[in-house]
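Keep in mind that the numbers below use all heavy atoms, side chains included, and drop hydrogens, waters and symmetry copies. Throughout, a chain's letter reflects where its sequence line sits, starting with A, and its residues are numbered from 1.
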Amino acid sequence: MMTRVVVTVMPRTETLDPQGQAVAGALHQLGFDDLGDVRIGKRIVLDIDGDDPVGQAHAMCDRLLVNRLIEDYEVDAG
Amino acid sequence: MMTRVVVTVMPRTETLDPQGQAVAGALHQLGFDDLGDVRIGKRIVLDIDGDDPVGQAHAMCDRLLVNRLIEDYEVDAG
Amino acid sequence: MTIERPTVAVVKFPGSLDHDSAARAATQAGADATLVHHKDDTLPAGTAAVVLPGGFSYGDHLRCGAIASRAPIMQAVIRFAADGGRVLGICNGFQILCEAGLLPGVLRPNQRLGFICRQVTLEVDDATTDWTGTHTAGTNLSIPIKNHDGAWFGDPADGRVVFRYDESNPTGSRERIAGIANHEGNVLGMMPHPECACDPLVGSDDGRVLFDALVGAVRVGAA
Amino acid sequence: MSTEALPRHRQLGLTDWEAEQIPGLLGREPTDPELVMFSLMWSEHCSYKHSKPLLGAFPTEGPHILQGPGENAGAIDVGDGMAVAFKIESHNHPSAVEPFEGAATGVGGIVRDIIAMGARPIALLDSLRFGELTSAKSRFLFRRAVAGIGHYGNCIGVPTVGGEVGFDDCYEDSCLVNAMCIGVLPHDGILRAAAKGVGNRLVLFGNKTGRDGIGGASVLASAELSDDEDKRPSVQVSDPFTERKLMDCCADLAERGLFVALQDLGAAGLTSAASEMASKGGLGLRIDLDRVPLRETVMLPAEILVSESQERMLAVVTPGDVDAVIAICRDRFDLDATDIGEVTDGDRLVAIADGEVVVDIPAQYLADDAPVYEVPQNPAPAPVPLDLAGVPEPTDLAAAWLALLAKPTIASKRWVYEQYDCLVGADTIRRPGGDAAVVRLPGTNRAIAVTTDCAERHCQLDPRAGGAAAVFEAARNVACTGARPAAITNCLNFPNPEKGHTGWRLAQAIAGMSDACRALGTPVVSGNVSLYNESATRIIFPTPVVGMVGLLEDAARSVGHAFSQEGDLALLVGSGAPRLDGSEYLGRAEGYPTPPDADIEVALCRFLADAADEGLLVSAHDIAAGGLAIALAESAIGGALGVTAETAAGDRTDVALFGECGGRAIISCRPGDDGRLRELARELPVACLGVVGGDTIALQVGQTRVSIPVAAAANAYERAIPEALA
Ligand SMILES: Nc1ncnc2c1ncn2[C@@H]1O[C@H](COP(=O)(O)OP(=O)(O)O)[C@@H](O)[C@H]1O
Ligand SMILES: [Mg+2]
């Protein structure tokens with residue numbers, strides 16, 4: 001039976017996040033003055049079968065889902 | 001002081017998630033046969049000041065962050 | 001007697017790219033084209049029609065058109081449209097109009113997930129708006145697309161379908177929709193770029209009809 | 001290998017000898033920030049220390065040259081007081097590490113060079129090399145690099161109108177990603193980098209400064225790509241949205257005449273920008289590092305000085321204009337802009353961090369006084385003609401023809417260029433798919449024709465002839481559109497110059513390019529060098545990419561490569577002795593390719609432009625990779641029109657069909673116009689090939705008749721790359 005595994009991928013803290021930067025600017029223009037930093041990443045929800053879904057998810061991150069040069073990630077069994 | 005609030009935005013339906021489907025296809029090609037559905041959404045991490053950060057985050061979702069026609073969202077105080 | 005050149009306002013957002021070409025096309029059609037800054041909150045006095053040009057406003061971040069649709073100038077554009085003023089949104093301008101709620105639906109990433117730049121054949125569908133001049137339904141126009149998020153999604157019954165792609169439906173739009181207007185017909189959004197089809201040297205001049213329509217627009221509020 | 005073991009200067013990439021020079025120059029030990037600055041400015045990437053002595057051979061002068069090498073880009077006169085600025089640059093090593101961001105930031109970098117000239121970018125081209133598409137790694141690099149180039153060019157609204165892609169196993173470990181940008185500006189609008197006016201202010205504007213590419217591009221591009229993590233830069237993430245704001249902002253400020261000098265921040269960041277502005281102006285600069293807007297909460301002075309954060313520019317402005325400049329950047333364009341220092345008397349580059357002087361050195365030590373090395377000149381053996389006995393003639397020539405059309409290097413690049421916006425600006429008159437692209441100069445009826453070309457196998461076998469062949473092919477491509485070749489830029493992509501025959505090949509290729517440039521009257525106005533493109537197991541061919549610009553007086557007279565009317569005459573203009581040696585058909589760097597004949601090349605270019613002026617050309621297409629058969633097929637596919645042609649047989653049919661050499665083009669014209677064309681051709685041979693029409697491409701070679709249906713040819717040509725990637 002399928003297990004739901006959630007992978008969150010975020011831009012590394014030291015790398016530029018143009019998307020977060022643009023959204024922060026826009027929210028400030030809309031008058032949200034209490035807003036500080038904004039960072040935007042991905043939430044990837046995987047349904048995985050078999051006995052080691054989390055291990056599988058990590059493998060998927062290494063092979064395809066994450067670019068370790070610019071992104072950090074976490075895996076949680078839903 | 002700043003509170004971290006996390007907004008997750010997910011596509012409403014499969015048809016609205018071509019990226020998720022493409023990634024699922026790519027992962028199958030890589031031999032991940034135990035994989036079922038894949039959904040890809042956004043994870044927006046907001047640092048918000050003031051006394052009602054969660055309320056603020058909801059307002060930001062209404063004003064800009066989410067398009068209800070195609071997306072659902074959740075707000076969690078980190 | 002001097003013929004008056006109606007003012008066509010071309011709105012420039014950060015990341016707008018086709019505003020100069022759109023202004024040139026409008027001028028060629030007999031308009032007095034003025035660029036309007038996104039931070040302004042009013043349109044030039046006597047504006048007869050508005051163009052939201054193509055581009056990558058705000059880098060297409062978050063959702064294409066979303067951030068621009070909340071810019072100060074858009075309140076003025078929304079009022080202008082509500083008064084029946086003619087508004088043309090091209091590509092990113094179309095995306096902005098959808099995000100602003102002036103047009104139904106939303107534009108999603110192309111089915112093939114990638115940018116497509118290609119000359120395409122459009123079919124005029126609903127020929128009863130002013131946008132297609134004397135063209136009759138079924139007329140074919142050759143106009144290029146160049147976009148990454150050009151797949152229209154929504155309920156076609158919420159507007160009037162002015163243009164469809166030919167069978168190839170390059171973006172994967174619902175019902176091959178390439179351009180859709182509101183029920184009133186004064187607001188049109190289209191993914192193809194008519195401003196890049198106003199000169200046979202550049203490939204085609206089938207796009208001129210849309211700028212003629214802008215210039216033909218009656219000045220809003222003028223008796 | 002852990003770098004902790006190594007002395008600091010070695011970690012930074014300086015040799016012991018180089019490090020020893022520094023105290024001699026300074027009369028004291030360098031501070032750590034100073035040592036870091038030296039290490040980057042004295043890297044190959046920034047100092048050209050292995051190529052500088054050779055580059056002097058290029059012809060750089062001509063009546064129409066407004067700016068030769070030495071500034072951010074070169075510039076030529078295009079009439080009516082208008083100028084065109086252009087340059088090509090490599091981003092090979094960053095693209096090998098992270099192809100999407102590497103290629104994207106490569107485009108960003110070359111665009112800022114054009115902006116820094118005061119020009120408005122109007123066109124981009126990209127020249128790419130990867131390993132064979134049978135390799136998964138190369139498919140990945142190709143896909144992602146093309147996506148990155150498209151992403152950046154499309155978002156900033158500069159049309160990508162041309163380029164080239166080649167595939168060969170020698171690029172498997174060292175892909176090449178070169179980008180060329182062209183901009184327009186008025187003669188009197190040319191900006192220069194030299195700092196002027198003691199007391200003037202330094203304004204840094206654009207993105208904030210972060211830890212991007214620290215010790216990155218420059219160090220990385222200066223030694224063979226090794227896998228040890230510590231050589232890896234923190235990857236620069238591209239931000240085309242900010243670049244576009246920077247473009248608009250610079251155009252606005254230039255129009256208001258608010259720049260005294262302008263310089264982009266590229267490799268070695270602030271260090272390189274500041275030291276070049278200072279040494280060019282023969283003045284000093286004083287920079288207050290505490291004022292530089294940072295993305296990180298804490299950064300060391302050295303990190304701020306060499307950060308390679310993208311989308312930043314440095315301007316010199318008068319004290320009276322500072323507030324206006326900063327206000328325009330912030331209010332109109334939402335860009336950070338900060339007064340970070342001033343132009344000073346003397347020649348020293350001074351940097352201050354929390355009140356302390358952390359750097360104080362004469363700028364020219366960094367910018368101009370890097371050690372220069374003579375690269376060894378070991379001639380490679382002379383090329384040996386191919387023994388055709390070892391190359392069996394194909395039994396089925398039609399099949400061989402279709403197979404060659406489907407070779408990725410020859411096949412249609414539509415999969416690539418349809419991902420690029422080639423139309424933004426609405427002045428693109430000839431789109432990708434033909435020989436050169438034609439772009440109208442905004443607001444005029446004039447146009448430029450632009451192309452990039454290289455002949456890497458030829459350069460491997462016979463570098464001097466190969467270098468010349470690359471320039472002549474570029475000229476033919478430009479002339480086929482009806483334009484007159486005006487000037488070139490170039491990107492010398494080579495392996496390690498300290499090894500084997502590479503240093504000699506580099507010198508030879510430069511000599512050959514120079515020969516051709518002199519013959520054509522097309523000087524070199526700018527360029528870039530990328531060395532060390534090799535791994536332990538693979539060494540790239542010498543790949544001197546030529547970017548050429550040609551001029552068309554009347555945009556309406558431009559010519560395409562496709563047949564377009566039934567009954568037109570197809571003519572073969574020019575002459576040459578085709579060989580299989582080093583050809584695409586042979587598929588190996590083996591043999592002795594036909595050396596180009598300068599007189600014929602020059603006459604051919606003149607003829608094509610003259611004929612276009614008189615409106616006599618329906619189509620023109622140069623014969624390049626794949627020979628006569630491929631060129632004929634490309635003109636037919638382009639127009640979805642067949643042709644029935646005849647040509648004399650050489651000793652072998654496959655040589656006549658697929659053999660390569662310069663000096664030839666296929667043109668088509670209305671029946672009856674051929675007489676006038678022969679007059680215009682003067683001594684240049686003009687042979688009637690046959691008649692355009694029908695739905696097959698039929699070629700009679702002596703006694704042998706070979707033919708393929710246009711539809712089959714188009715299918716092979718168009719499907720090859722998408723299927724290789726599927
Ligand atoms: N990487 C690329 N980007 C954009 N256009 C390209 C690219 N590669 C090839 N093209 C286009 O495809 C056409 C054929 O390329 P190529 O075979 O190199 O032409 P030629 O042989 O005449 O130099 C040209 O119009 C060229 O601009
Ligand atoms: Mg060619």
Would you mind telling me which of [options] has the largest number of heavy-atom pairs within less than 4.5 Å of chain C?
options: Val158(D), Leu423(D), Ile156(D); result: Leu423(D)
options: Gly425(D), Ala556(D), Ala147(D), Ala426(D); result: Ala426(D)
options: Pro442(D), Pro240(D), Cys155(D); result: Cys155(D)
options: Glu418(D), Arg440(D), Gln419(D), Arg244(D); result: Glu418(D)

Count the heavy-atom pairs under 4.5 Å between each of Gln119(C), His193(C), His148(C) and chain D, then report the option with the highest count.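 That would be Gln119(C).
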Which bit of Asp331(D) is near chain C, if near means a heavy-atom gap under 4.5 Å: side chain, backbone, both or neither?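 Answer is backbone: N, CA, C or O of Asp331(D) sit under 4.5 Å from chain C.
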If every non-hydrogen atom of Val51(C) is compared with every non-hydrogen atom of Ala22(C), which pair is closest and at what distance?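 Scanning both residues completely, I find the closest heavy atoms to be CG1-CB, 4.2 Å.
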Regarding Thr481(D) and Arg430(D), is there a side-chain donor-to-acceptor distance under 3.5 Å anywhere?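 Their side chains do not contain a donor-acceptor pair, so the 3.5 Å distance test is not met.
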Is it the case that the side chains of Asp239(D) and Asn207(D) hold a donor-acceptor pair, with the cut-off being a distance below 3.5 Å and no angle test?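 Result is yes, a qualifying pair exists.
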Asn445(D), CG atom: more than 12 neighbouring heavy atoms under 6.0 Å: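 It does not: Asn445(D) CG has 12 such atoms or fewer within range.
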Should the pair Asp149(C)-Arg108(C) be classified as a salt bridge under the 4.0 Å nitrogen-to-oxygen rule?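 So Asp149(C) does not pair with Arg108(C) through a salt bridge.
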Lys/Arg N to Asp/Glu carboxylate O, Glu195(C) vs Arg24(C), below 4.0 Å: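 No.
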Heavy-atom distances under 4.5 Å only: say whether Asp199(C) touches chain D with side chain, backbone, both or neither.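 Contact with chain D: side chain only.
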